[in-house]
Protein chains: 2
Amino acid sequence: MTGTPVSRVTIADVAIAAGVSKTAVSFAFNNPENLGQATLERVLRVARDLGYAPHPAARALSMRRSGTMGVLIPQRLSTVFANPFLSELMQGLGEQCEEHDLTLLLVPPLDGSLESAIRQASVDGFISLGLSPDDKALRLLDRNGIPTVLVDSDPSPEHPVVNVDDRGGAEEAARHLLELGHTQLAIIVLPPTRSQLETTPTAARRMAGYEAAIAGAGAPAPECVTAGISVEAGARAFHQLREGVRRPTAVLAMSDMAAIGVMSAARASGLRVPADLSVVGFDDLPMAAWTYPPLTTVHQPIVEKGRLAARLLIDRMNGRKVESPQPLATSLVVRGSTSKAKEVVSRQT
Amino acid sequence: MTGTPVSRVTIADVAIAAGVSKTAVSFAFNNPENLGQATLERVLRVARDLGYAPHPAARALSMRRSGTMGVLIPQRLSTVFANPFLSELMQGLGEQCEEHDLTLLLVPPLDGSLESAIRQASVDGFISLGLSPDDKALRLLDRNGIPTVLVDSDPSPEHPVVNVDDRGGAEEAARHLLELGHTQLAIIVLPPTRSQLETTPTAARRMAGYEAAIAGAGAPAPECVTAGISVEAGARAFHQLREGVRRPTAVLAMSDMAAIGVMSAARASGLRVPADLSVVGFDDLPMAAWTYPPLTTVHQPIVEKGRLAARLLIDRMNGRKVESPQPLATSLVVRGSTSKAKEVVSRQT
DNA sequence: CCGCTTTACTAAAGCGGTTTAGAGGCGATC
DNA sequence: GATCGCCTCTAAACCGCTTTAGTAAAGCGG
């Protein structure tokens with residue numbers, strides 16, 4: 001607990017203690033076949049006794065590789081980890097990293113900027129989340145020859161991009177509600193991040209999907225509210241919607257978290273879900289199955305997305321060329337939070 | 001997409017291009033007051049034009065600090081991120097890291113061992129999750145003078161430890177069920193990690209709390225089942241319990257995830273929760289409030305735990321001495337998943 | 001016993017920064 | 001006009017490791 005600054009054991013210390021050169025010590029760990037049996041054992045024993053561990057930064061500098069994959073995160077960690085989406089993605093990334101002996105560095109904006117955070121990050125490659133392909137941070141990486149794979153971005157000629165079929169999923173979700181007879185829809189839009197002032201690529205694609213379905217059905221224009229990706233934000237969005245002139249009978253949320261917030265705020269306001277209000281989310285987080293009622297939502301393969309992105313990045317780090325894959329499929333999972341619109345129900349009975 | 005190995009721009013390149021020494025370039029970034037106005041501006045402009053960014057590993061080597069906080073994770077990332085517990089903790093850690101301009105490195109066991117993963121991790125300090133204080137990995141860190149703070153561990157003379165009152169929380173949970181008239185309890189135990197073959201410190205403390213309450217009430221010994229921290233594992237545990245001779249009327253789960261698994265498996269088996277089976281969890285994850293029925297569980301301040309641990313580590317990294325704080329308080333949150341035992345109910349009517 | 005390859009090991013040159021010690025120029029001081 | 005100190009700027013050492021080039025000794029066929 002004292003924090004005594006124990007001076008680190010260096011390779012030179014081991015070399016002296018074992019009566020060999022630094023080179024020999026290095027060989028003992030990295031090229032044991034270059035050493036005689038006796039010397040090898042002696043060096044390793046001395047190293048262990050002294051508690052020697054090579055200095056990672058020195059190693060990284062001289063080997064030109066750090067054994068670390070970076071994840072570029074466009075927002076504060078406390079907000080982004082409040083959304084289980086990132087947990088899911090990390091599972092995919094983590095699996096591949098472990099398989100290839102990489103550690104995983106989270107790089108959020110520091111001191112107000114992603115670029116200054118990047119400068120201090122010693123990584124062999126970056127996964128970039130939700131950044132637009134022409135973001136300044138990406139330029140910086142390119143200039144320094146750090147391979148990068150984009151996730152949830154727009155198509156890019158420069159970088160491989162891993163996406164899911166946001167548009168298709170959104171369209172399916174909206175069509176589902178329209179087929180249930182809902183005409184007055186509301187949309188809860190994903191918030192912009194610090195680097196995108198307007199809207200994220202993902203939000204734009206989902207919006208396009210919703211609108212295509214609505215226009216296709218000739219339904220009136222939906223009401224749109226922007227809400228953060230949290231249950232609380234979803235609840236606030238619900239109240240905002242209630243104050244509007246046209247009370248929607250169904251809401252399309254661009255995230256499950258917001259959808260759950262809408263459901264619980266609706267229930268708290270005395271509405272029944274889905275009888276009085278249908279709700280469909282987006283993501284199909286594991287928890288979507290345990291909510292009450294279970295959430296109808298658009299499934300996207302998040303773990304798989306992370307796994308694929310990591311795999312592509314590792315390929316690039318190893319010098320292989322890589323093409324952007326097809327967007328991964330999304331699909332609507334109908335559970336208990338949607339039902340026929342009231343008018344339709346009454347007309348039928 | 002080509003992966004062209006763009007050779008990195010080094011400080012020497014900038015120095016030559018600007019017609020100054022390497023020192024001057026370094027000064028321009030780190031000690032601008034050492035340079036004349038004109039030179040400073042010229043160097044910075046040239047650096048920007050060339051897209052220069054100092055090599056993080058070189059910087060770390062020579063400055064003896066990497067600007068990174070490590071998190072030692074005792075299991076595979078894919079299993080540990082399946083539990084929202086880590087997300088919560090990361091929110092606390094992340095908040096402090098961002099405040100102090102640190103990036104966050106996740107270090108899971110690589111190549112089968114935490115120690116080999118530690119070797120390649122260039123960090124200024126480590127948060128260690130759930131490791132016993134005499135773990136070999138911690139010795140290695142000590143030998144190399146890397147400050148470490150333990151979370152969810154046993155008290156240690158060597159390191160600051162951040163804990164919550166697991167025992168008190170567990171006791172309160174068990175007492176709650178006993179007061180509701182349940183006598184036949186079951187306990188779902190946290191699984192061991194790779195480094196603890198028997199049981200984790202956390203699991204041991206919670207178990208002690210449960211047993212103290214049960215013994216205090218003179219109730220029969222509970223049935224114990226070990227289950228991983230996931231909904232699926234919880235469901236399996238439920239079925240295991242059902243096959244046992246004594247059907248418990250209430251279960252104490254050491255994690256919310258397992259508790260949710262028990263609830264949904266029970267419902268799927270035709271049991272009503274809480275009428276036929278009471279369930280209480282541990283952690284009070286945000287989702288505990290959205291489940292059906294809402295989960296009665298022991299609240300622990302996870303974000304605060306992460307925040308505190310990070311703060312202590314940062315203090316240690318800055319050479320300050322640090323004492324282990326008192327365990328953080330836990331408290332039972334009664335929601336909808338517990339009710340009076342059947343016998344009691346019938347006897348009353 | 002000589003030249004030739006192997007084997008076992010080492011000196012020294014990087015990797016790309018920071019930092020210490022000091023050099024040179026210039027105005028102020030006496 | 002010599003001396004001092006300050007302001008800029010630089011050369012070189014250093015951080016701790018890997019790796020290249022090379023040396024000395026041992027092995028070996030002839």
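Everything numeric here is computed off the predicted structure, so don't read it as measured data. Below, read A as the first sequence line, B as the second, and so on, with proteins coming before strands; counting in each chain starts at 1.
- As rounded to whole Å, 14 Å separates atom C1' of dT18(D) from atom NE2 of H55(B).
- In this structure, the nucleotide among dT19(C), dC15(D), dC17(D) sitting nearest to the side chain of S26(B) is dT19(C).
- When V25(B), D49(B), L44(B) are each tested for a side-chain contact (heavy atoms from CB on, under 4.5 Å) with V14(B), only one passes: V25(B).
- Distance, R64(A) CZ to dT20(D) P: 10 Å, rounded to whole Å.
- Using a 3.5 Å distance cut-off with no hydrogens or angles, the side chains of Q37(A) and E41(A) do pair a donor with an acceptor.
- Between the side chain of T23(A) and the base of dT19(D), a donor-acceptor pair under 3.5 Å is found.
- Contacts of L35(A) with the nucleic acid, taken as non-hydrogen atoms under 4.0 Å apart, involve only primed sugar atoms and P, OP1 or OP2.
- Atom OH in Y52(A) sits about 7 Å away from atom C1' in dC17(D), given to the nearest Å.
- Between the P atom of dT18(C) and the CZ atom of F27(B) lies a distance of 10 Å, rounded to the nearest Å.
- Atom pair I11(A):CD1 and dA12(C):C1' shows a separation of 14 Å (rounding to whole Å applied).
- Checking the phosphate oxygens (OP1, OP2) of dT10(C), a side-chain nitrogen or oxygen of S21(A) falls inside 4.0 Å.
- Residue T39(A) places its side chain closer to dC9(C) than to any other of dT18(C), dT18(D), dC9(C).
- Here dA13(D) sits opposite dT18(C) as a Watson-Crick or G-U wobble pair (both hydrogen-bonding atom distances under 3.5 Å).
- With respect to D152(A) and K305(A), a salt bridge is recorded, a charged nitrogen being found less than 4.0 Å from a carboxylate O.
- Between the side chain of D124(B) and the backbone N or O of G67(B), at least one donor-acceptor pair lies under 3.5 Å.
- Within 4.0 Å of V25(B), counting heavy atoms only, lies no atom of the nucleic acid at all.
- Under 3.5 Å, the side chains of S113(B) and S116(B) contain a donor-acceptor pair of N or O atoms.
- In this structure, N34(B) atom CG and dT19(C) atom C1' are separated by 11 Å, rounded to whole Å.
- When rounded to the nearest whole Å, the span between CG of D13(B) and P of dG16(C) equals 9 Å.
- If you take CZ of R8(B) and P of dG16(C), they are 8 Å apart, rounded to a whole angstrom.
- If M63(B) and L40(B) are placed on DNA chain D by their nearest nucleotide, the residue sitting closer to the 5' end is L40(B).
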